[in-house]
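Just so we're on the same page: letters track the sequence lines, and every chain starts at 1.
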There are 2 protein chains.
Amino acid sequence: MSKQGFQAAYLHCYELIRDRILNGELPGGMKLVEERLAEELGVSRTPVRESIRKLEQEGLIKNKRVVNPSDEDLRHIFQVRMLLEGFAARCAAFYMDEATLEQLQECIAVARSGSVSETMEANKMFHDIIVQSSRNPELVLIIDRMQSIIYLFRRAVVHHKRPFLIDEHQQIVDAIRAHDAEEAERLMKSHLQADLDFYLHLSRSSI
Amino acid sequence: MSKQGFQAAYLHCYELIRDRILNGELPGGMKLVEERLAEELGVSRTPVRESIRKLEQEGLIKNKRVVNPSDEDLRHIFQVRMLLEGFAARCAAFYMDEATLEQLQECIAVARSGSVSETMEANKMFHDIIVQSSRNPELVLIIDRMQSIIYLFRRAVVHHKRPFLIDEHQQIVDAIRAHDAEEAERLMKSHLQADLDFYLHLSRSSI
DNA sequence: GATAATATTTTTGTATACAATTTTAAATTT
DNA sequence: AAATTTAAAATTGTATACAAAAATATTATC
């Protein structure tokens with residue numbers, strides 16, 4: 001995980017700019033000027049430019065401005081996410097081995113007892129493990145690409161602990177353990193739907 | 001000097017390189033050297049470089065080489081495609097108006113009577129229309145990104161004139177017209193599965 | 001003759017300069 | 001004052017130069 005020595009500037013810039021967008025330093029709607037960013041990061045325009053193009057492909061930047069996703073955008077993303085993660089949960093019910101099931105159970109345990117950031121990390125890992133168990137790299141990649149926008153939205157909304165979230169995770173694990181593919185998919189979809197509804201409710205009431 | 005008027009060079013290059021990959025001029029596995037391409041296209045490395053990055057994001061190039069997707073890759077892409085286009089077909093059964101239905105019917109008519117390239121175009125449009133009718137731009141975008149690799153594949157299939165392909169399109173239209181969402185989704189999935197199987201069969205027997 | 005070490009070439013990554021374009025501000029007209 | 005034109009500035013797109021890395025060929029060693 002720790003990079004050994006050299007990293008290409010354009011990769012480094014990409015990460016830095018992405019992080020600044022995700023943590024709100026570069027807020028939604030802000031115009032990104034190549035030269036200004038280059039100066040701030042201490043490099044020339046060239047690597048900055050490549051980073052911006054990459055972030056554009058990822059959907060975090062749209063014609064040189066930081067996106068701020070609308071409720072509608074989020075609904076669309078979640079519709080896709082429900083399809084894909086639902087399918088992943090179904091696969092998990094077929095394929096998953098005991099060791100991985102234990103990992104899921106551990107995520108739940110950490111999420112129940114940990115700090116806010118530990119809980120967030122554990123919940124993210126819960127979903128990652130299930131997505132991975134689709135054993136479909138294409139599907140993993142697509143969900144990965146949607147993650148940053150979802151994260152962006154989460155941050156925009158004030159972070160509250162949604163009730164029942166972890167209980168729903170437990171139900172999903174139970175269905176997977178029982179090899180009930182149909183139920184695992186159903187539970188995953190309604191879990192994500194509940195997540196979406198919660199965010200949308202928050203974002204509406206906080207305006 | 002090289003001012004082509006209306007279109008930016010990097011977009012033009014992107015299209016040219018993409019086309020050369022799709023029509024086999026740049027075959028799978030070939031190393032793409034920025035300078036050589038630049039000279040061939042009569043521009044500097046800069047726009048070529050950006051094009052290559054974009055094509056890398058799209059999955060047509062992987063570390064400077066033209067991909068040739070393995071059977072496994074195609075299976076994964078089609079698994080996602082079946083999920084998303086299946087869902088789109090389901091939506092179509094709910095939303096689609098008479099005029100759009102006629103467009104689908106027209107695609108089938110053209111595909112039945114047209115030349116090879118007309119048939120290809122018509123079949124692509126058939127799928128595009130159904131994907132559009134999901135009314136989910138995120139879903140449309142994801143399928144669009146997979147399109148190049150799918151196109152590469154479709155060319156092989158239609159060139160060999162897969163039997164029943166157009167009949168299956170007709171069945172899908174019928175289900176949509178009857179507002180039978182369940183059936184439309186099922187038919188779309190099995191249509192895509194048949195496409196995949198046909199191609200995999202071809203690729204195996206031609207080795 | 002095979003292998004390791006070293007030089008050479010090729011190719012990529014980055015900086016910089018300049019041209020083309022877009023955006024913004026100013027001036028002019030109504 | 002509002003709208004339209006024109007000038008200025010800012011920003012992006014492209015070409016080019018050069019440095020870093022990777023790939024290839026060459027020499028030396030066993």
Side-chain angles (χ1 to χ4, degrees), chain A residues 1-21 24-68 141 145 148, chain B residues 1-22 24-68 141 144-145 148:
Chain A
M1 315 336 180
S2 59
K3 50 225 156 197
Q4 31 193 327
F6 178 76
Q7 188 183 28
Y10 78 96
L11 286 174
H12 193 227
C13 289
Y14 162 74
E15 286 174 9
L16 286 174
I17 297 173
R18 190 178 107 269
D19 290 351
R20 287 192 187 190
I21 292 174
E25 249 178 281
L26 297 172
M30 184 173 211
K31 173 94 186 277
L32 296 186
V33 177
E34 294 173 5
E35 202 155 9
R36 174 142 40 252
L37 278 172
E39 193 175 5
E40 278 178 37
L41 303 181
V43 295
S44 84
R45 272 178 58 210
T46 313
V48 169
R49 191 179 170 73
E50 296 200 356
S51 304
I52 288 179
R53 280 276 149 76
K54 194 165 185 219
L55 289 162
E56 249 164 0
Q57 286 282 324
E58 247 174 82
L60 245 64
I61 294 177
K62 278 205 168 85
N63 40 298
K64 271 86 201 178
R65 283 173 192 282
V66 178
V67 298
N68 49 5
L141 186 74
R145 286 220 182 103
S148 23
Chain B
M1 305 272 176
S2 54
K3 174 203 156 219
Q4 321 293 354
F6 47 94
Q7 192 182 27
Y10 78 96
L11 287 174
H12 193 227
C13 289
Y14 162 75
E15 286 173 9
L16 287 174
I17 297 172
R18 189 178 110 271
D19 289 351
R20 288 191 186 189
I21 291 174
L22 292 182
E25 244 178 285
L26 296 172
M30 184 171 212
K31 173 93 186 276
L32 296 186
V33 177
E34 293 172 7
E35 202 155 7
R36 174 142 37 251
L37 279 172
E39 193 176 4
E40 278 178 40
L41 302 180
V43 295
S44 83
R45 272 178 59 211
T46 314
V48 169
R49 191 178 170 73
E50 297 200 354
S51 304
I52 288 179
R53 280 276 149 75
K54 191 161 187 225
L55 289 162
E56 248 164 0
Q57 286 283 325
E58 245 175 83
L60 274 176
I61 295 176
K62 278 203 168 84
N63 42 298
K64 269 85 202 178
R65 285 174 190 283
V66 178
V67 298
N68 49 6
L141 187 74
D144 223 56
R145 287 228 179 94
S148 311

(message) Within residues 50-59 of chain B, which residues have any heavy atom lying less than 4.0 Å from an atom of DNA chain D?
(response)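 Residues of residues 50-59 of chain B that come under 4.0 Å of DNA chain D do not exist, since none gets that close.
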In Å, rounded to the nearest 0.5 Å, how long is the span from [atom1] of [X] to [atom2] of [Y]?
X	Y	atom1	atom2	answer
E15(B)	Y10(B)	CD	OH	11.0 Å
L37(A)	I17(A)	CG	CD1	5.0 Å
S51(A)	R18(A)	OG	CZ	11.0 Å
I52(A)	R45(A)	CD1	CZ	9.5 Å
N68(B)	I21(B)	CG	CD1	11.5 Å

(request) Return the set of residues passing side-chain hydrogen bond (donor to acceptor under 3.5 Å, both in side chains) with E39(A) (not counting sequence neighbours), or none when no residue passes. (result) none
(message) Using the side-chain hydrogen bond (donor to acceptor under 3.5 Å, both in side chains) criterion, which residues pair with R49(A)? Sequence neighbours excluded.
(response) E34(A), E50(B)
For atom [atom1] of [X] and atom [atom2] of [N], their distance in whole Å:
X	N	atom1	atom2	answer
Y14(A)	dT14(C)	OH	P	16 Å
I61(B)	dT12(C)	CD1	C1'	14 Å
L32(B)	dT11(C)	CG	C1'	13 Å
N63(B)	dA22(D)	CG	C1'	13 Å
M30(B)	dT11(C)	CE	P	11 Å

Residues forming a side-chain contact (heavy atoms from CB on, under 4.5 Å) with [X], sequence neighbours excluded:
X	answer
S44(B)	T46(B), P47(B)
E25(B)	R20(B), N23(B)
R36(B)	V33(B), E40(B)

(message) Return whichever of K31(A) or R49(B) has its heavy-atom-nearest nucleotide of DNA chain C closer to the 5' end.
(response)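 Its nearest nucleotide being more 5', the pick is R49(B).
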(request) Check L41(A) against C13(A) and note the closest heavy-atom contact, atom names and distance. (result) CD1-SG, 4.0 Å
(request) Taking all heavy atoms of P27(A) and all of V66(A), pick out the closest pair and write down the distance. (result) O-CB, 3.4 Å
Validation: residues 54-64 of chain A side-chain donor-acceptor distances under 3.5 Å, sequence neighbours left out:
unit_1, atom_1, unit_2, atom_2, d
E58(A), OE1, Y14(A), OH, 3.1
E58(A), OE2, Y14(A), OH, 2.5

(request) Have a look at L11(A) and say if it touches a base, only the backbone sugar-phosphate, or nothing, with a 4.0 Å heavy-atom cut-off. (result)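 No contact.
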(request) Specify the residues of residues 33-42 of chain A, ordered by number, for which at least one heavy atom lies under 4.0 angstrom from an atom of DNA chain C. (result)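 Heavy-atom contacts with DNA chain C come from no residue of residues 33-42 of chain A; none.
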I'd like a table of atom pairs between the protein and nucleotides 16-18 of chain C - only N or O on both sides, under 3.5 Å - with the distance next to each one.
none

(message) For the helix from dG1(C)-dC30(D) to dT30(C)-dA1(D), what angle separates the axis at the start from the axis at the finish, each from five pairs, in steps of 10°?
(response) 10°
(request) May I ask you to verify if any side-chain N or O of K64(A) is less than 4.0 angstrom from the OP1 or OP2 atom of dG13(D)? (result) yes
